[in-house]
Every structure is written in C-alpha cells, then in structure tokens.
Amino acid sequence: MEEKDRETLERCRHDIVRDLKVDRSGVLAFLRAMRVLTAQDEELIRSPETSIAKAEKLLDIVVTRGPKAFEYFCQSLREAKYWWLVTKLTGKEEDSEEDLSEGEFTTNPTNVNPPCTIQVTVKSPQSTYCA
C-alpha cells in the first residue's frame, strides 16, 4: 500500500472504526474475494468481542497489504453502502441515492440532520408573518 493511502486510513481511522460493522457489512467477504485478506486474517478480525476492535484489526491488516488494498477497501465500503466513509477516504462525493437499492436503508449515524421546515404564523391586526 502506498504511504499516502496509509496516511489516509490513519486520518479516517476514528470514523471507520466507529461506523463500520464488520460482521454485517460484507466487507470481509469482498476483501477475501479480492485476495486482500486470507481465511486466517478473517478469523483474526472476527475474534475480538466488540465491533470497534474488529474494525481496528481489519485496518491493522489492510495497511500491510499490496498496492491495490486501499482501492479494494474503498470498493468494499462502496459495495456495503458506507458511502460517507468512501467520501472521507477518497475526497470524492459519493452519490448515496444511486447506491441504495430498493428496500435497502443505510444511514450515516454520525450525521443525522433530516431536513425539516417549521412554519410559524403570527397574527397581528395589521398583517400575517411567516418565519
């Protein structure tokens, strides 16, 4: 893996370990298919008790792999619908609407700001105001 990619993973490590659910995401299966991880690696990654520890172990292993490891890791996150993490890692805006298939819902648990509109009407003898 290139040094700049290692640095990017280190810079984004906190967000990745906080948000990535290794056991439920399909990331490990994708990385195994791309030969970034071995069966022994997967066993090591799944052995910790907490989700955070599993994600940390995954990152510890991925940074030691070949030149395509970063690209495949980003692709695995994209496939697993972790579009906000891909955006952080690549600096390119991911289109979350396009990535979601019908019936699949993935949200960014750290950036939940649903749009809302509040209309307030104040009546006075002269006029009506909306804010």
Side-chain angles (χ1 to χ4, degrees):
M1 180 176 293
E2 292 184 29
E3 186 60 32
K4 69 178 180 67
D5 295 335
R6 277 191 199 93
E7 290 171 5
T8 300
L9 285 173
E10 190 60 36
R11 181 176 36 83
C12 298
R13 186 178 183 94
H14 175 75
D15 293 324
I16 295 167
V17 299
R18 179 191 59 216
D19 294 347
L20 181 59
K21 304 303 178 225
V22 172
D23 288 330
R24 296 180 288 181
S25 65
V27 168
L28 295 182
F30 183 90
L31 293 174
R32 287 265 322 266
M34 296 296 111
R35 298 183 187 264
V36 174
L37 299 177
T38 66
Q40 292 81 14
D41 295 332
E42 186 173 2
E43 194 174 305
L44 281 171
I45 293 163
R46 290 187 187 277
S47 64
E49 293 292 319
T50 68
S51 178
I52 289 172
K54 290 175 186 184
E56 287 175 335
K57 182 60 79 176
L58 171 62
L59 289 177
D60 291 344
I61 293 171
V62 167
V63 298
T64 67
R65 298 311 152 102
K68 292 275 207 181
F70 181 79
E71 178 184 331
Y72 287 143
F73 180 67
C74 290
Q75 192 174 346
S76 74
L77 293 175
R78 191 176 290 111
E79 297 263 334
K81 313 295 189 251
Y82 285 98
W83 46 266
W84 65 95
L85 293 177
V86 178
T87 298
K88 285 181 179 283
L89 289 167
T90 64
K92 297 176 187 167
E93 192 67 33
E94 290 291 314
D95 188 357
S96 61
E97 297 299 318
E98 195 175 284
D99 284 345
L100 292 177
S101 303
E102 187 176 325
E104 292 184 63
F105 302 96
T106 302
T107 60
N108 178 351
T110 62
N111 190 15
V112 180
N113 293 320
C116 64
T117 303
I118 299 173
Q119 182 173 353
V120 178
T121 304
V122 179
K123 292 185 179 185
S124 70
Q126 297 165 336
S127 61
T128 301
Y129 299 95
C130 292

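Worth knowing before you read on, the calculation uses all heavy atoms, side chains too, and leaves out hydrogens, waters and symmetry mates.
- Here CG of Leu58 is found 11.5 Å from CG of Leu44. Values are rounded to the nearest 0.5 Å.
- Pairing each heavy atom of Thr64 with each of Ile61, the nearest pair is OG1-O, 2.6 Å.
- Between atom CE of residue Met34 and atom NZ of residue Lys68 there is a gap of 10.5 Å, rounded to the nearest 0.5 Å.
- Under the 4.0 Å criterion applied to side-chain N and carboxylate O atoms, Arg6 and Glu3 are assigned as salt-bridge partners.
- Residues Ala55 and Ile16 approach most closely at CB-O, 4.4 Å, considering heavy atoms.
- Val22 is listed as a side-chain neighbour of Leu28, based on a closest heavy-atom distance under 4.5 Å.
- A side-chain donor-acceptor contact under 3.5 Å links Tyr82 to the backbone of Lys21.
- A search for side chain to side chain contact (heavy atoms under 4.5 Å, CB included) contacts involving Gln40 returns Thr38, not counting sequence neighbours.
- For Arg35, the salt bridge (charged side-chain N to carboxylate O under 4.0 Å, His left out) criterion is met by no residue, not counting sequence neighbours.
- Annotation: salt bridge (charged side-chain N to carboxylate O under 4.0 Å, His left out) contacts of Lys57 (sequence neighbours excluded): none.
- Heavy-atom minimum distance, Arg46 versus Asp23: NH1-OD1, 2.9 Å.
- Residues Glu56 and Val17 are in side-chain contact: their nearest non-hydrogen atoms beyond the backbone lie under 4.5 Å apart.
- Taking both residues in full, the closest heavy atoms of Asp41 and Arg65 are given as OD2-NH1, 2.7 Å, listed atom of the first, atom of the second, then distance.
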